Novice: 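Attaching a single structure in structure tokens format; questions to follow.
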Amino acid sequence: MAKSIQVEQGDITTYQVDAIVNAANTTLMGGGGVDGAIHRAAGPALYAACEQFHGCPTGEARITPGFKLPAKYIIHTPGPIWRGGQNGEPELLVASYCNSLKLAEHYHCRTVAFPSISTGVYAFPVERAAQIAIKTIREFLANSHWVQQVIMVAFDPATKAAYQKALLT
Ligand code: APR
């Protein structure tokens, strides 16, 4: 099966893939946005599973079962909060994508769905984030054995357009 990156618009909690990625915060105790949607859909068992990690540093990733979600696993990664771009935010966003994909590979996931990490509450400019995401995913897929397909799941048309544009560069 050829490797691929796709951009779609939808609700990531509905994706029946091996792993969906959650744009979490460093407490891993849930929140709003996609984090809130994933916790609501996965159910209370997710909260209990996340407690065991005692948090997660920005740019790192942790994996749990998907519980009530159609996805087998959830990979939680706190992306960087945008503070102007001179505080290592780009490097930390690369790390969030990289570490999430490394965990997916380790757990023999073939299909992985990502939300647009850090571009909501964390205010990372979406055009820049999309370029970083697509570049990082492309480089990972060039060497991956298990991960074959990555889907960027945008929640709105503007975000979808930003990732489609990044895919064309
Ligand atoms: N499916 C896919 N994408 C979604 C969904 C969903 N169900 N809900 C929201 N999104 C999109 C947002 O529209 C945005 O484009 O996910 C992207 C990331 O936005 P946030 O969820 O705000 O995440 P982020 O910017 O990384 O901020 C993380 O927000 O929810 C809290 O606990 C979270 O503190 C953390 C912070």
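Just follow the structure's listing: the first ligand is 1, and inside any ligand the first atom is 1. Because the structure is predicted, anything quoted here is derived from the model rather than measured.
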Novice: Would you check whether Ala23 has a nitrogen or oxygen atom less than 3.5 angstrom from a nitrogen or oxygen atom of ligand 1?
Specialist: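 No; every N/O pair is 3.5 Å or more apart.
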Novice: Among protein heavy atoms, which sits nearest to atom 36 (C) of ligand 1, and what does the distance come to when rounded to 0.1 Å?
Specialist: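 For atom 36 (C) of ligand 1, the nearest protein heavy atom is Tyr122 CE1, 3.5 Å.
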Novice: Ignoring hydrogens and angles, tell me if any N or O in the side chain of Asn99 forms a donor-acceptor pair with the backbone of Lys102 under 3.5 Å.
Specialist: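 Not at all, since once roles are kept as given, no pair shorter than 3.5 Å links the two residues.
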Novice: Indicate if Ile81 and Leu92 have the same hydrophobic cluster label, given that clusters are the connected sets of ILVMFWY residues with side-chain heavy-atom separations under 4.5 angstrom.
Specialist: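 Hydrophobic grouping puts Ile81 apart from Leu92.
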Novice: Say whether Ser116 and ligand 1 are in contact under the criterion: heavy-atom distance to a ligand atom below 4.0 Å.
Specialist: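 Distance cut 4.0 Å: Ser116 passes for ligand 1.
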Novice: Among all the protein's non-hydrogen atoms, which is closest to atom 29 (O) of ligand 1, and how far away is it?
Specialist: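 I find the closest protein heavy atom is Val121 CB, 3.6 Å.
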Novice: Could you walk me through whether Thr159 and Asp156 pass the side chain to side chain donor-acceptor pair (under 3.5 Å) test, one step at a time?
Specialist: CA-CA 6 Å; Thr159 301; Asp156 61 80; 2.9 Å; yes
Novice: Are Pro115 and Val21 packed together at the side-chain level, in the sense that at least one heavy-atom pair is separated by less than 4.5 angstrom?
Specialist: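 Yes, close enough: below the 4.5 Å cut-off.
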Novice: Which residue holds the protein heavy atom closest to atom 11 (C) of ligand 1, what is that atom called, and what is the gap in Å?
Specialist: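 Protein heavy atom with the smallest distance to atom 11 (C) of ligand 1: Phe155 CB, 3.8 Å.
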Novice: Give the atoms of ligand 1, by number and element, whose distance to some non-hydrogen atom of Ser118 is under 4.0 Å.
Specialist: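 Within the 4.0 Å cut-off of Ser118, ligand 1 contributes 24 (P), 25 (O), 26 (O).
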Novice: Judged on heavy-atom distance to atom 7 (N) of ligand 1, which of Val21, Thr77, Asp11 sits nearest?
Specialist: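 Going through Val21, Thr77, Asp11 one by one, Asp11 has the nearest heavy atom to atom 7 (N) of ligand 1.
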Novice: Does the side chain of Ile137 reach to within under 4.5 Å of the side chain of Leu101, using non-hydrogen atoms?
Specialist: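 A side-chain contact exists here, since the closest heavy-atom pair is under 4.5 Å.
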Novice: Give the residue, atom name and distance (to 0.1 Å) of the protein heavy atom nearest atom 15 (O) of ligand 1.
Specialist: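 So the nearest neighbour among protein heavy atoms is Thr119 OG1, 3.6 Å.
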Novice: Give the residue and atom name of whichever protein heavy atom lies nearest to atom 33 (C) of ligand 1, and the separation in Å to one decimal.
Specialist: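 Protein heavy atom at minimum distance: Asp35 OD2, 3.6 Å.
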Novice: Can you give me the closest heavy-atom contact between Leu28 and His76, atom names plus distance?
Specialist: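 Here Leu28 and His76 meet closest at CD2-CB, 3.8 Å.
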Novice: Which of the numbered atoms in ligand 1 are below 4.0 angstrom from a heavy atom of Ala37?
Specialist: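 Ligand 1 atoms under the 4.0 Å threshold to Ala37: 7 (N).
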Novice: Report the nearest protein non-hydrogen atom to atom 16 (O) of ligand 1: residue, atom name, distance rounded to 0.1 Å.
Specialist: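 I find the closest protein heavy atom is Val34 CB, 4.0 Å.
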Novice: Going by side chain to side chain contact (heavy atoms under 4.5 Å, CB included), Phe53 matches just one of Ile63, Thr27, Thr64. Which one?
Specialist: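 Single pass found, and it is Thr64.
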Novice: Does even one non-hydrogen atom of Gly79 get within less than 4.0 Å of ligand 1?
Specialist: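 Heavy atoms of Gly79 never come under 4.0 Å of ligand 1.
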Novice: Indicate yes or no for a side-chain donor-acceptor contact from Glu89 to the backbone of Gly85 under 3.5 Å, with no hydrogens or angles considered.
Specialist: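 Side chain of Glu89 to backbone of Gly85: a pair is present.
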Novice: So, applying ring pair (Phe, Tyr, Trp, His ring centres under 6.0 Å) with Phe114, which one of Phe140, Tyr97, Tyr163 is it?
Specialist: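 Checked Phe140, Tyr97, Tyr163 against Phe114; only one passes ring pair (Phe, Tyr, Trp, His ring centres under 6.0 Å): Tyr97.
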Novice: Can you pull out the closest protein heavy atom to atom 30 (O) of ligand 1? Residue, atom name and distance to 0.1 Å, please.
Specialist: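 Nearest protein contact, heavy atoms only, for atom 30 (O) of ligand 1 is Gly32 O, 2.7 Å.
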Novice: Does ligand 1 have an atom under 4.0 Å from some heavy atom of Thr13?
Specialist: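 It does not; every heavy atom stays at 4.0 Å or beyond.
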Novice: What residue and atom, counting heavy atoms only, is the protein's closest point to atom 25 (O) of ligand 1, and at what distance?
Specialist: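 It is Gly120 N, 2.8 Å.
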Novice: Taking Glu8 first and then Lys160, would you say they form a salt bridge - that is, a charged N and a carboxylate O separated by under 4.0 Å?
Specialist: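 Salt bridge between Glu8 and Lys160, a charged N being under 4.0 Å from a carboxylate O: no.
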